[in-house]
Structures are given as C-alpha cells and as structure tokens.
> 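Mind looking over this structure? Questions follow.
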Amino acid sequence: MSVTWEEAGWEELGPRVGRCRLPVWDCTAGLVVGEGAALMIDAGSGLREGARLRTEARRLLGGGRVTHLALTHAHFDHVFGAAAFAGVEVFGAAGLERVLAGGRDELRADAERNGADPGEAAEAADLLVRPRHLVSGEWTLDLGGGVRVLLANVGPGHTGHDLAVLVRSDLGDPGGADGPGGPGTGSPEIVFCGDLVEESGEPQAGPDAVPSRWPAALDRLLALGGEDAVYVPGHGAAVDAGFVRAQRDALARRFGVS
C-alpha cells in the first residue's frame, strides 16, 4: 500500500482491511486488499461517491484497482455507485439481480425521498449494475497473498436478499515479518454486516424487510463471526458480538418473534 488507511481518511480494521463512513447517510464501504486483487464492499449512494471510492482505493492499492465488488443489499445508498467500478466482478445474494432489474424506479424514488439530487439519482438508476455472481449459500474468494474472504447469504432480514462478508483472522501483515499468507497477527475476524446491523440509529425496516426472519439472520451472522469478531454495520461504528446479540433481541421484541 502506498498510503496508510488513516492518510486516505479510512479506518483500519485489520492488516489488509479498512472501511470508510461516507457522508450524508453514514454508509459503510469496505476494502479488502489481496495480492493482485481487491474487494470493495458496497459502492456508495451515487456515481460521484462510487468514483470517489474507486479513486481512494487506487491510492490505497498503490495504483492497483478494485477487482471484486460485493453488494450487501439492494438499497440505493449501497448500490448506486457500482457503475463507477467498470470491469469488476460483482457479487450479491441470489435474488438481488431480480430486485435491481425490476426496481430501478423505486430505488430512484427512494433516493429522492431521502434527499438525493433527482438528476444524479436518475443517472445512477439508469446505469444500475446487477451482480454477475449470485451467492445462494457461501462463496469463498481468494484474493491472493493468503487473503480469503467468505461471502454468505444470511438473509432475509433487512431486505429479502442480504449478503454478509467475513474476512478471516489468519491474514499476515504484508509489511510485517510474517509476510503475505504468513501466521496471523492476532487480529480478530471481521464481518461486514450490511444493514442487518446498524449502530448510528435504530435498524430501518422498510417495505422490503422481512421482520419475522430478521432475528434469525442475526443468529446466522453471529454464528459466522463468533464471539471475538469485529462486526461492521452498514451505518455507524464497528461493534462487538454483544451489541449484535442485543440488537437481535430488540428486533425480536419489536417484531414479536422469538
């Protein structure tokens, strides 16, 4: 990496993992750095935001490029920037492609209701990118240098098609004595949760949510990461398993499910 996470305005979560909190909607975007490959997690709320993420990733990668993009769910603030990542391999939970294919007008309208510029929202909706690779269970990505990432379809919950991203804890620090793929540095596993978990406000349940199954989705998320993982919400600060469990119980009470 040619610049540090902090120099780029990102938060370092692990030796090869960082995230930024985008303005306006406090939406998370994540980056996982391999050897010759890199995964971006979510793409921002519009083409300008997507282009910003692409440019910042190129700086972090020392001139390299993002090769993979994982979309956690079909809400405008997570997918409208995807067209800025031309030529990448795009992943999403199975069913996401149908929502994006048939829901352009609703996504545009939702963006406008939440304060997005109408022209920019219309352009992003017209250029909406659908995932080529559909995850129905789990899918492991090998990004090189011993960096492996697990994509897991853990929904439905916040939407009908929720994808989580697990970055395993056995990554060596590429600048340290262990070298790429060497023994782990003791850093915890990292789980990007999408909007199944929110820290900066109460979890939002829109018309596409599946409330009766949301607590079970968080059970699957906790099983995926375990007690010691860092959980990265779609909005807000990183949290621990206790926070996720408390939010799971709150959602169960809110929606009247066990």
Side-chain angles (χ1 to χ4, degrees), residues 1-34 36-92 96 100 107-108 110-111 114-117 119-121 123-133 141 143 147 149 151 163-165 167 190-195 198-200 232-238:
M1 295 171 63
S2 60
V3 298
T4 67
W5 296 107
E6 289 73 17
E7 287 171 340
W10 287 54
E11 175 187 359
E12 183 177 5
L13 299 172
R16 300 189 180 202
V17 188
R19 70 90 173 248
C20 69
R21 294 170 66 170
L22 294 164
V24 184
W25 294 285
D26 191 24
C27 186
T28 287
L31 182 66
V32 185
V33 180
L39 168 70
M40 181 71 70
I41 301 158
D42 283 335
S45 62
L47 298 176
R48 282 197 299 172
E49 209 158 67
R52 168 195 162 176
L53 290 171
R54 181 194 64 211
T55 299
E56 291 179 358
R58 185 175 289 275
R59 288 184 63 213
L60 285 161
L61 297 168
R65 58 183 290 271
V66 171
T67 54
H68 300 71
L69 173 64
L71 301 175
T72 61
H73 62 288
H75 285 168
F76 81 92
D77 49 336
H78 297 261
V79 303
F80 264 11
F85 294 90
V88 306
E89 298 293 330
V90 184
F91 295 77
L96 179 70
L100 295 180
L107 283 169
R108 175 192 51 75
D110 188 44
N114 282 277
D117 176 85
E120 292 183 2
E123 182 181 19
D126 285 345
L127 297 173
L128 199 58
V129 172
R130 285 177 280 172
R132 176 184 174 190
H133 306 287
L141 295 179
L143 300 178
V147 180
V149 175
L151 309 180
L163 188 75
V165 179
V167 186
I190 299 162
V191 183
F192 287 88
C193 307
D195 286 3
E198 297 194 37
E199 184 274 337
S200 55
V232 187
H235 303 265

> At what distance, to the nearest 0.5 angstrom, does OG1 of Thr72 lie from CG of Leu151?
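So the OG1 of Thr72 and the CG of Leu151 are separated by 11.5 Å.
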> Looking only at non-hydrogen atoms, find the nearest pair between Ala82 and Ala43 and report the distance.
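Where Ala82 meets Ala43 most closely, the heavy atoms are N-CB, 3.4 Å.
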> To the nearest 0.5 Å, what is the distance between CZ on Arg59 and CD on Glu7?
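One finds 7.5 Å between CZ of Arg59 and CD of Glu7.
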> Counting heavy atoms not belonging to Arg48, are there more than 12 under 6.0 Å from its CZ?
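No, not enclosed.
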> Drop me the distance from Leu71's CG to Leu163's CG, to the nearest 0.5 angstrom.
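The CG atom of Leu163 is 8.5 Å from CG of Leu71, to the nearest 0.5 Å.
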> Can you tell if the side chain of Leu127 reaches within under 4.5 Å of the side chain of Val129, non-hydrogen atoms only?
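Leu127 does not reach Val129 side chain to side chain.
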> Going from CD on Glu12 to CD on Glu6, what distance comes out if it is rounded to the nearest 0.5 angstrom?
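Those atoms lie 5.5 Å apart.
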> Could you grab the distance from atom CG of Asp42 to atom CG of Leu69, nearest 0.5 Å is fine?
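One finds 7.5 Å between CG of Asp42 and CG of Leu69.
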> Can you check whether Asn114 reaches Asp77 side chain to side chain, under 4.5 Å on heavy atoms?
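Asn114 does not reach Asp77 side chain to side chain.
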> Is there a donor-acceptor pair closer than 3.5 Å between any side-chain N or O of Glu199 and the backbone N or O of Ala237?
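Here the side-chain-to-backbone pair exists.
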> Heavy atoms only: give me the nearest Pro131-Gly92 pair and the separation to one decimal.
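Here Pro131 and Gly92 meet closest at CB-N, 3.6 Å.
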> For Val88, is there any backbone N or O sitting under 3.5 Å from a side-chain donor or acceptor partner on Thr67?
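Looks like no, no N/O pair under 3.5 Å.
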> For Val32, which of Leu141, Val66, Val167 qualifies under side-chain contact (heavy atoms from CB on, under 4.5 Å)?
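Exactly one candidate clears the test, Val167.
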> State, yes or no, whether a side-chain contact exists between Arg52 and Leu22 at a heavy-atom distance under 4.5 Å.
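Arg52 reaches Leu22 side chain to side chain.
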> Parallel, tilted or perpendicular, judged at 30° and 60°: which one describes the rings of His235 and His78?
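Perpendicular: the ring planes of His235 and His78 meet at over 60°.
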> When you compare the side chain of Leu39 with that of Leu143, does any pair of heavy atoms fall below 4.5 Å?
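Yes. Closest side-chain heavy atoms under 4.5 Å.
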> Which heavy-atom pair separates Ala74 from Leu100 by the least distance, and what is that distance?
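For Ala74 versus Leu100, the nearest heavy atoms are CB-CD2, 3.8 Å.
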> Run the side-chain contact (heavy atoms from CB on, under 4.5 Å) test on Phe85 and Leu53 for me, step by step, so that the C-alpha distance in whole Å, both residues' side-chain angles and the decisive distance to 0.1 Å come before the verdict.
CA-CA 9 Å; Phe85 294 90; Leu53 290 171; 3.9 Å; yes
> Between Val33 and Val147, does a side-chain contact (heavy atoms from CB on, under 4.5 Å) hold up when you go through it step by step?
CA-CA 8 Å; Val33 180; Val147 180; over 6 Å; no
> Rounded at 0.5 Å granularity, tell me how far CD in Glu56 sits from CG in Leu61.
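Nearest 0.5 Å value for the CD-CG distance: 11.5 Å.
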> Search all heavy atoms of Pro233 against all heavy atoms of Cys193 and return the closest pair with its distance.
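Smallest interatomic distance, heavy atoms only, reads CA-CB, 4.5 Å.
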> Side chains of Phe192 and Leu13: closer than 4.5 Å at any heavy-atom pair?
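Phe192 reaches Leu13 side chain to side chain.
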> Quick one: are Cys20 and Trp10 in side-chain contact, heavy atoms under 4.5 Å?
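The answer is yes; the side chains approach within 4.5 Å.
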> State, to 0.1 Å, how close Ser45 and Trp25 come at their nearest heavy-atom pair, and which atoms those are.
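So the two residues come closest at OG-CZ3, 3.4 Å.
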> Do any N or O atoms from the side chain of Arg108 and from the backbone of Ala125 form a donor-acceptor pair under 3.5 angstrom?
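Answer holds: no.
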> Grab the two heavy atoms, one from Ala121 and one from Ala116, that are nearest each other, plus how far apart they are.
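Residues Ala121 and Ala116, closest heavy atoms: CB-CB, 4.4 Å.
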> Strictly distance-based, threshold 3.5 Å: is any side-chain N or O of Arg19 a donor or acceptor partner for the main-chain N or O of Ala29?
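No, because the side chain of Arg19 does not come within donor-acceptor range (under 3.5 Å) of the backbone of Ala29.
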> With a 3.5 Å cut-off and no angle check, do the side chains of Asp195 and His75 form a donor-acceptor pair?
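No donor-acceptor contact under 3.5 Å links the two side chains.
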> Just wondering, are more than 12 heavy atoms of other shown residues or ligands nearer than 6.0 Å to CZ in Arg130?
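Atom CZ in Arg130 is not crowded, with 12 or fewer foreign heavy atoms closer than 6.0 Å.
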